There are 2 protein chains.
Amino acid sequence: MLTVTSVNVNGLRAAVRKGFLPWLAATAADVVCLQEVRAEPDQLPAAAAAPEGWYAVHAPAAAKGRAGVSLLTRQEPERVRIGFGSAEFDTCGRYVEADLPGLTVASLYLPSGEAGTERQEEKYRFLKEFEAYLTDLRAGCAAAGREVLVCGDWNIAHREADLKNWKANRASAGFLPQERAWLSHLYDGVGYVDVVRALHPDTAGPYTWWSYRGRAFDNDAGWRIDLAVATPGLAARAESAVVERAATHAERWSDHAPVTVRFTR
Amino acid sequence: MLTVTSVNVNGLRAAVRKGFLPWLAATAADVVCLQEVRAEPDQLPAAAAAPEGWYAVHAPAAAKGRAGVSLLTRQEPERVRIGFGSAEFDTCGRYVEADLPGLTVASLYLPSGEAGTERQEEKYRFLKEFEAYLTDLRAGCAAAGREVLVCGDWNIAHREADLKNWKANRASAGFLPQERAWLSHLYDGVGYVDVVRALHPDTAGPYTWWSYRGRAFDNDAGWRIDLAVATPGLAARAESAVVERAATHAERWSDHAPVTVRFTR
DNA sequence: CTTACCAGG
DNA sequence: CCTGCTAAG
């Protein structure tokens, strides 16, 4: 069994104050992918920056308090890489990957964008460069007999079933036609697989993010934007996929819930 | 009897969240002077911006979220004035005064300064202009048979008895020789009276501000920088002067405590 | 609505 | 160590 879990923590310092560490202590995962850490490692409590029993690799953003992704692995990685070869995005705390035996696993925090603004143009630039990278990664890993798993906050809901209020959000960043088409091409063209949707083809959601505004969480007015995206060979071994809505329910230590996928070896 | 109370609220919106309104409802004062309101009137709850039973005049700063002084009077003022005729400081939310029968009462928030920086120079410019104003005010009010009372956060501790750690703060803004000399001249030269000190000549403090840093409040490591400064005729009628340390103790709705002075009519 | 930043205190 | 600002989400 290999278990990988991923969660956007919305500021790891705040999450630690509210209950992240007990969740981490309780997880059965072999790999934990974190997004929106929003801190330099040395601004974090040691129990979060270098938790006992884990190997940690941090990719903070150059801009203080922004973005930031991390990977925790029980096993020591063979190699780790920060960024995906992009001059614009490699220092933005948006991508880190690690090689484990037979598997390249990554933590991704894709820009959220903002419809009609320069921040949306930035998101499109990211999508373009990242798609090229994922295409190369798939080819390179296939040649080396490795599988690929990219977990994180992709900030795109693919289909109507992936957000509760899809009608109201047809012009919202995260559900724009161009973004949705990009994911479609990643799946149907490049050949990656949305592991959670593959296991749960007919459910609404499961949502992974609920705005802090209004009563979005109580009304389950969520979005499924935190994805586990795998090469087909790995996806075929997926045994379960769960969104741990309860993990962030009681204390609400993030506005996202952890997404956990399990694979047979 | 005339009772006047003054408190630096360190953000009235935050103070309201923490317990300011019950304190206001319970005060026996006829006049309440507020400093560091840090909000436009329409950003405040109505119970704070226009409390029932009070006439309110607000002098917010042009810069959002900064400074800001207000006056609440049970009686309708004959006149109110914002600023003291200074091109530099009148829009900075640092001075408002009201005329009541036989009395001009003001709420003052003097710049805190920062030793060795431009912000200290700004404080000295304020002191210079404000002293000239207080000199004129005293003369004008004397001619009109009015007394003057300027309450507020003067941001200067006059003597060693006015702060617990005076030795460590000999080079700190708020206890610099030049600032202390300015107050001395205001008392001995211009002829105003420090009402609280006049009634309590031999006590340490009573302190009115304790830093939020460390355990300053618990250790009573405070400063007496919130003053009630009156013309001699009014000061002679002072009957009591109290620092309401307990008012901000339980909830700690400000880092300053209210200073309350009572005068016979 | 919440996270950080920062200046100001 | 707090306030409120701003940008970001």
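Quick caveat, the model's predicted, so the values are computed rather than measured. Within every chain, numbering begins at 1; the chains are lettered A, B, ... in the order of the sequence lines, protein sequences first and strands thereafter.
- Atom CH2 in Trp209(B) sits about 13 Å away from atom P in dC1(D), given to the nearest Å.
- Per the geometry, CD1 belonging to Ile225(A) stands 18 Å off P belonging to dA8(D), to the nearest Å.
- Here Ser211(B) pairs with Trp209(B), Arg213(B), Ala216(B) under the side-chain contact (heavy atoms from CB on, under 4.5 Å) rule; sequence neighbours left out.
- As a whole-Å value, the separation of Glu114(A) CD from dT6(D) C1' is 14 Å.
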What N/O pairs connect the protein and nucleotides 1-3 of chain C at under 3.5 Å? Give each pair on its own line.
unit_1 : atom_1 : unit_2    : atom_2 : d
dC1(C) : O4'    : Tyr212(A) : O      : 3.3
dT3(C) : OP1    : Lys18(A)  : NZ     : 3.0
dT3(C) : O2     : Arg38(A)  : NH1    : 3.3
dT3(C) : O2     : Arg38(A)  : NH2    : 2.8

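- To the nearest angstrom, P of dC5(D) lies 9 Å from CD of Glu40(B).
- At whole-Å resolution of the value, CG in Asn219(B) and P in dC1(D) are 13 Å apart.
- The side chain to side chain donor-acceptor pair (under 3.5 Å) check on Thr5(B) picks up Thr260(B), with sequence neighbours excluded.
- In this structure, a donor-acceptor pair under 3.5 Å is absent between the side chains of Tyr124(B) and Glu122(B).
- A sub-4.0 Å separation between OP1 or OP2 of dC5(D) and a side-chain N or O of Gln43(B) is present.
- Applying the salt bridge (Lys or Arg N to Asp or Glu O under 4.0 Å) test to pairs two or more places apart or on separate chains, those with a residue in residues 105-118 of chain B are Glu114(B)-Arg119(B), Glu118(B)-Arg125(B).
- Considering only residues two or more places apart in sequence or on other chains, Tyr212(B) meets the ring pair (Phe, Tyr, Trp, His ring centres under 6.0 Å) condition with none of them.
- Near DNA chain D, meaning a heavy atom under 4.0 Å away, the residues from residues 56-68 of chain B are Lys64(B), Gly65(B).
- Listed by residue number, there are no residues of residues 156-170 of chain A with a heavy-atom contact under 4.0 Å to DNA chain C.
- Whole-Å rounding puts the Glu36(A) CD to dA7(D) P distance at 17 Å.
- The CD-P distance, from Glu118(A) to dA8(D), rounds to 11 Å in whole Å.
- Take Phe20(B) and apply the ring pair (Phe, Tyr, Trp, His ring centres under 6.0 Å) test, not counting sequence neighbours, and it matches Trp23(B), Trp253(B).
- Considering only residues two or more places apart in sequence or on other chains, Glu160(B) meets the side-chain contact (heavy atoms from CB on, under 4.5 Å) condition with Trp166(B), Phe175(B), Arg180(B).
- In this structure, Val37(A) and Ser112(B) both approach DNA chain C, and ranking their closest nucleotides by distance from the 5' end singles out Val37(A).
- Shown here are the side chain to side chain donor-acceptor pair (under 3.5 Å) partners of Thr27(A), two or more places apart in sequence or in another chain: there are none.
- Atom CG in Asn8(B) sits roughly 12 Å away from atom C1' in dC2(D) (whole-Å rounding).
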Using atom types as modelled, flag every donor-acceptor pair under 3.5 Å from a side chain in residues 59-71 of chain A to any protein atom, sequence neighbours excluded.
unit_1   : atom_1 : unit_2   : atom_2 : d
Ser70(A) : OG     : His58(A) : ND1    : 2.8

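- Every side-chain contact (heavy atoms from CB on, under 4.5 Å) that Arg197(B) has, sequence neighbours left out, goes to Ala161(B), Asp162(B), Asp194(B), Thr203(B), Arg224(B).
- With 3.5 Å as the limit, one finds no donor-acceptor pair spanning the side chains of Gln35(A) and Asp153(A).
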